[in-house]
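One structure is given here, and the rest of the page talks about it.
Just so it is clear: chains get the letters A, B, ... in the order the sequence lines come, proteins before strands, and each one is counted from 1.
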2 protein chains.
Amino acid sequence: MIEHITSSQEDYLEAILLIQKEKKVVRVKDIAEYFIVKGSTVNETLNNLKKRGYIIQEKYGYIELTQKGTRIARNVYRKHTLLTKFIQNILGVSAKTAEDDACKIEHHLSKETLDNILHFIEFTDRELKRKYDIKKNFHEYIHTKLDSK
Amino acid sequence: MIEHITSSQEDYLEAILLIQKEKKVVRVKDIAEYFIVKGSTVNETLNNLKKRGYIIQEKYGYIELTQKGTRIARNVYRKHTLLTKFIQNILGVSAKTAEDDACKIEHHLSKETLDNILHFIEFTDRELKRKYDIKKNFHEYIHTKLDSK
DNA sequence: TAATAAAGTTAGGGAACCCTAATAATAATT
DNA sequence: AATTATTATTAGGGTTCCCTAACTTTATTA
């Protein structure tokens, strides 16, 4: 048996957390719709996650995160949110694309880079805002550039 | 047969381009060392790339990119370089980590985000450098923050 | 409640990646 | 040139992720 968790499996845990927040209970069908895959695919991954103690699910029943699963889900969600904010607010990318990109790269960035992104956000938010209005300048610049294409 | 090229396959093409630049000829062994995988694994992927016309290789011979393969390799390399520069110079991440992260996420970012990163680099390089010295400020800030941990 | 609909599970297959072990071919060395 | 060492290839296995089709269980509703 494999000990290591994959990016896809982390995404499943995050999805379960998000669906739980919104719909109270989580079903195979919800996850299948979330990732736009078939139920049988979800089932397979869930069995894997079950085996390793990240989720609990009775046969034909609802899906729940264990403590272990919740910890990972929250962690992924935090990174996801951070990255989305960065890509959207700092880089000036549209909300939808920022969300998509964040989701794809959240598993692949080192702690060092994530920390620096966090600091970048904090820095631009708190320090630079009044001093130079860099975000405003940058966004104006970006939009001018892109619109003129 | 599948038409779509995977991230890993794109990385192979880029690696072949880089090895070619440095060593004139590209062998299975070079690629295996580059990715730290076994020769048999490389062989398998190369067969796939051959079938689809991205590379040419005679049995037991050197590996060469086709036009089609070169186009993709250069494209990946360009993205890779751009991202490394961004992560290293703008975010202030160490060279090695920036390189690693760039390699991992280069396949997953939308054109929109990449364009904005490019503009960000251009913007900070050309416009802000004299005006506010933001890069310098930011790096000082980051390093103070990180050192104090 | 019985019949239909919806959701979950199982079985069987395919593609990408990765490995080990065995074999074939090429390179290097004595 | 013949032997040894290095490289490349093939064969056989394993995991993840995704699918279709068949089947079971749970929900709905007539």
Side-chain angles (χ1 to χ4, degrees), chain A residues 1-16 19-20 22-65 69 72 76 103-104 106-108, chain B residues 1-16 19-20 22-65 69 72 76 103-104 106-108:
Chain A
M1 210 251 276
I2 298 301
E3 68 312 307
H4 139 281
I5 189 168
T6 67
S7 302
S8 168
Q9 287 159 4
E10 284 187 345
D11 283 338
Y12 268 68
L13 297 177
E14 187 197 18
I16 293 167
I19 293 166
Q20 201 176 34
E22 203 179 300
K23 304 182 108 176
K24 306 294 179 202
V25 293
V26 183
R27 290 170 303 175
V28 171
K29 193 201 148 216
D30 298 321
I31 302 175
E33 279 169 1
Y34 187 93
F35 291 115
I36 312 174
V37 296
K38 299 300 169 190
S40 54
T41 303
V42 171
N43 206 278
E44 189 173 32
T45 303
L46 292 183
N47 281 334
N48 198 332
L49 293 171
K50 248 179 262 176
K51 254 192 339 201
R52 293 192 257 162
Y54 292 114
I55 61 169
I56 291 173
Q57 178 202 26
E58 287 175 34
K59 249 201 173 185
Y60 296 97
Y62 298 134
I63 297 140
E64 279 171 57
L65 293 168
I72 291 179
V76 173
C103 182
K104 285 184 204 136
E106 72 193 348
H107 308 285
H108 303 295
Chain B
M1 211 250 277
I2 297 302
E3 69 313 305
H4 136 284
I5 191 166
T6 68
S7 302
S8 168
Q9 287 160 2
E10 285 188 344
D11 282 338
Y12 268 68
L13 297 177
E14 186 196 20
I16 292 167
I19 294 166
Q20 200 175 36
E22 202 181 300
K23 306 182 107 178
K24 306 295 178 198
V25 291
V26 183
R27 290 170 304 176
V28 170
K29 193 201 147 216
D30 298 320
I31 301 175
E33 280 169 1
Y34 187 94
F35 291 116
I36 313 177
V37 296
K38 300 301 169 189
S40 54
T41 302
V42 171
N43 205 278
E44 192 172 31
T45 303
L46 292 184
N47 281 333
N48 198 331
L49 292 172
K50 248 179 265 176
K51 255 192 338 201
R52 292 191 256 164
Y54 293 115
I55 61 169
I56 292 174
Q57 179 202 25
E58 286 175 35
K59 250 202 174 183
Y60 295 96
Y62 299 132
I63 296 140
E64 279 170 59
L65 293 168
I72 291 179
V76 172
C103 181
K104 285 183 205 136
E106 70 192 349
H107 308 284
H108 304 294

Quiz item: Starting at CD of B:Glu33 and ending at C1' of D:dT6, how long is that distance when rounded to a whole Å?
Solution: 12 Å

Quiz item: How would you label the contact of A:Lys29 with the nucleic acid (heavy atoms, under 4.0 Å): base, sugar-phosphate, or nothing?
Solution: sugar-phosphate

Quiz item: Whole Å only: how far is the NZ atom of B:Lys38 from the P atom of D:dT6?
Solution: 15 Å

Exercise. Return no unless some side-chain N or O of B:Arg27 is found under 4.0 Å from OP1 or OP2 of D:dT9.
Key: no

Self-check item: Spacing of B:Glu58 atom CD relative to D:dT9 atom P, expressed in whole Å
Solution: 11 Å

Self-check item: Nearest heavy atoms of A:Ile19 and A:Val25, plus distance in Å
Solution: CG2-O, 4.1 Å

Quiz prompt | Between C:dG8 (C1') and A:Asn47 (CG): distance, integer Å | solution = 11 Å

Exercise. Could you tell me whether B:Phe35 and B:Tyr12 have their ring centroids closer than 6.0 angstrom?
Key: yes

Practice problem: Go through C:dA16, C:dA24, D:dT26 for me and flag the one nearest to the A:Tyr60 side chain. | Solution: D:dT26

Practice problem: Apply side chain to side chain contact (heavy atoms under 4.5 Å, CB included) to A:Leu13 and A:Tyr54, showing your working. | Solution: CA-CA 8 Å; A:Leu13 297 177; A:Tyr54 292 114; 3.8 Å; yes

Quiz item: Can you find a side chain N or O atom of B:Gln57 that sits less than 4.0 Å from OP1 or OP2 on D:dA8?
Solution: no

Exercise. Rounded off to whole Å, could you give me the OH-to-C1' distance for the A:Tyr62 and C:dA6 pair?
Key: 13 Å

Quiz prompt | Below 4.0 Å: OP1/OP2 of D:dT10 and any side-chain N or O of B:Ser40 | solution = no

Quiz item: Do B:Asn47 and B:Lys50 meet the criterion of a side-chain donor-acceptor pair at a distance under 3.5 Å?
Solution: yes

Quiz item: Distance check: side-chain N/O of B:Asn43 vs OP1/OP2 of D:dA8, anything under 4.0 Å?
Solution: no

Quiz item: Would you say A:Asn48 reaches D:dT16's phosphate, i.e. side-chain N/O to OP1/OP2 under 4.0 Å?
Solution: yes

Quiz item: Looking across every strand, which nucleic acid part, if any, lies under 4.0 Å from B:Glu44 by heavy atom: base, sugar-phosphate, or nothing?
Solution: base

Quiz item: What nucleic acid atoms does B:Thr6 come within less than 4.0 Å of, heavy atoms only: base, sugar-phosphate, or nothing?
Solution: sugar-phosphate

Quiz item: Which sits closer to the 5' end of DNA chain D, B:Leu46 or A:Tyr12, going by the nucleotide each is nearest to?
Solution: B:Leu46

Quiz item: Once you round it to whole Å, what is the distance between C1' of D:dC17 and OH of A:Tyr34?
Solution: 17 Å

Self-check item: Identified side-chain contact (heavy atoms from CB on, under 4.5 Å) partner of A:Ile63 from the options A:Ile56, A:Asp30, A:Ile16
Solution: A:Ile16

Quiz item: Is any side-chain nitrogen or oxygen of A:Ser8 closer than 4.0 Å to OP1 or OP2 of D:dT16?
Solution: no

Quiz item: Please give, in whole Å, the distance from D:dT26 C1' to A:Lys59 NZ?
Solution: 13 Å

Practice problem: Let me know the distance between CD1 of B:Ile36 and P of C:dC18, rounded to the nearest Å. | Solution: 11 Å

